[in-house]
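Have a look at the structure below, then the notes.
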Protein chains: 2
Amino acid sequence: MSADRPYTYVLERLNAAGLRPTRQRLALAKLLLEAGDRHITAEQLHSEAVAAGIKVSLATVYNTLHQFTKAALLREVVVEAGRAYFDTNTSEHHHLFREDTGELSDIAPSAIAVSELPVPPDGMTIDRVEVIVRIKPS
Amino acid sequence: MSADRPYTYVLERLNAAGLRPTRQRLALAKLLLEAGDRHITAEQLHSEAVAAGIKVSLATVYNTLHQFTKAALLREVVVEAGRAYFDTNTSEHHHLFREDTGELSDIAPSAIAVSELPVPPDGMTIDRVEVIVRIKPS
DNA sequence: GTGTTTGCAAAGTGTTTGCAATTTA
DNA sequence: TAAATTGCAAACACTTTGCAAACAC
């Protein structure tokens, strides 16, 4: 959410998804989308929101994250069993995951070339291809 | 664990990891490694073991899976938040994941070419590169 | 015998859900 | 006012842990 398109972008997406622009959703969208590309868990976002004085429950944060994901404002990334990360970068790209800290960052799609993808079985289509580069202290 | 190396392989690995070849560990190893490449969750393996008349608790299955992973008999694969899969194929390869059924299968490393990997930050090394091709009904 | 392993049940995580109260259009 | 949304607490699925009994060497 850059300065020159204040809420229009979010409002459009919410509207397209049939979601009312409530106080909580707008506040969370602001936290999520104003600071550039982010990778965040529900707990982290909830803490941030509370710290910022936004009255919102963890349950609503979870609901909102999933609604935003469905509305294409976010993308879910699975790197650790038992923790869901949400990525504000919804364009095609890959991930670098620091196993010691749980820190997740983007890798530009151009930085990794994936070729010769398998042909999916009949009646199936490729939803997406994820590349996760896992790094750890050497 | 093929017919011509009955328990030697498992015994060696357990030994190398300082793990005693107990009834439970040997039985689980047999289930895991005798049937070729498998992708299995702790619950699934526990069910199989119980069905096969092996007396083992779910806690022990979890412990054993992690010990086997540390001993390089298994590899853990993360494809879904909140569920851990263990792969009996420990060599380098990629995965095809059916999002509707949770079914996981291997993709030969030769089937996907990953190039131009990013250089890890200082003091970090690439632990591994995972490619997950997610498919769903079209 | 001594140290390891097991099993149970309890505790822990992260996430989802039911429902009354609140808010939005 | 009608329908959507929220918050709480309870329920959930999966996983880990503490500790006494059982087992391996």
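Every chain is numbered from 1, with letters handed out A, B, ... down the list of sequences.
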Whole angstroms only, please: what is the CG-C1' distance between B/Leu26 and D/dC25? 15 Å
Distance in angstrom units between A/Gln44 CD and C/dT15 C1', rounded: 15 Å
Does A/Ala84 reach a base, just sugar-phosphate, or nothing at all? Heavy atoms under 4.0 Å. sugar-phosphate
Are B/Asp106 and B/His95 packed together at the side-chain level, in the sense that at least one heavy-atom pair is separated by less than 4.5 angstrom? yes
Specify the residue among A/Glu43 and B/Thr22 whose closest nucleotide of DNA chain C lies further upstream toward the 5′ end. B/Thr22
Return the 5'-most residue of the pair B/Tyr85, B/Arg23 with respect to DNA chain D, ranking by each residue's nearest nucleotide. B/Tyr85
From CD of A/Glu80 across to P of D/dT15 the rounded distance in Å is 13 Å
Judged by each residue's nearest nucleotide on DNA chain D, which is more toward the 5′ side, B/Arg20 or B/Thr41? B/Thr41
First encountered from the 5' end of DNA chain C, between B/Ala81 and B/Gly18: B/Gly18
Just N and O in the side chain of B/Arg25: are any of them under 4.0 Å from OP1 or OP2 of D/dA24? no
Rounded to whole Å, please give me the gap between CG in B/Leu14 and C1' in C/dT5. 13 Å
Can you tell me how far CD1 of B/Ile132 sits from CZ of B/Phe97, rounded to the nearest 0.5 angstrom? 8.5 Å
Are B/Leu45 and B/Leu32 packed together at the side-chain level, in the sense that at least one heavy-atom pair is separated by less than 4.5 angstrom? yes
Using a cut-off of strictly less than 4.0 Å, decide whether B/His66 has a side-chain nitrogen or oxygen near OP1 or OP2 of D/dT16. yes
Return the value, rounded to whole Å, for the distance between atom CG of A/Leu65 and atom P of D/dT5. 16 Å
Does the structure show a Watson-Crick or G-U wobble partner for D/dT5, both distances under 3.5 Å? Name it, or say none. C/dA21
Quick one: which of B/Leu96, B/Val131, B/Ile112 gives a side chain to side chain contact (heavy atoms under 4.5 Å, CB included) with A/Leu117? B/Ile112
Got more than 12 heavy atoms from elsewhere within 6.0 Å of CZ, A/Arg23? no
According to the Watson-Crick and G-U wobble definitions, with both distances under 3.5 Å, which nucleotide is paired to D/dA10? C/dT16
Can you measure B/Leu58 atom CG to C/dT6 atom P for me and round it to whole angstrom units? 14 Å
Just to confirm, is there a sub-4.0 Å distance from OP1 or OP2 of C/dT15 to any side-chain nitrogen or oxygen of A/Tyr62? yes
Give a yes/no answer on whether the side chain of B/Gln24 brings an N or O atom under 4.0 Å of OP1 or OP2 in C/dG7. yes
Would one find a side-chain N or O of A/Ser57 under 4.0 angstrom from OP1 or OP2 of D/dG7? yes
Ignoring backbone atoms, test whether B/Gln67 places a side-chain nitrogen or oxygen under 4.0 Å from the OP1 or OP2 oxygen of C/dT5. no
A/Asn89 and A/His39: side-chain donor and acceptor closer than 3.5 Å? no
Whole Å only: how far is the CG atom of A/Leu45 from the P atom of C/dT15? 12 Å
Rounded to whole Å, how long is the line connecting atom NE2 of B/His46 with atom P of D/dC14? 14 Å
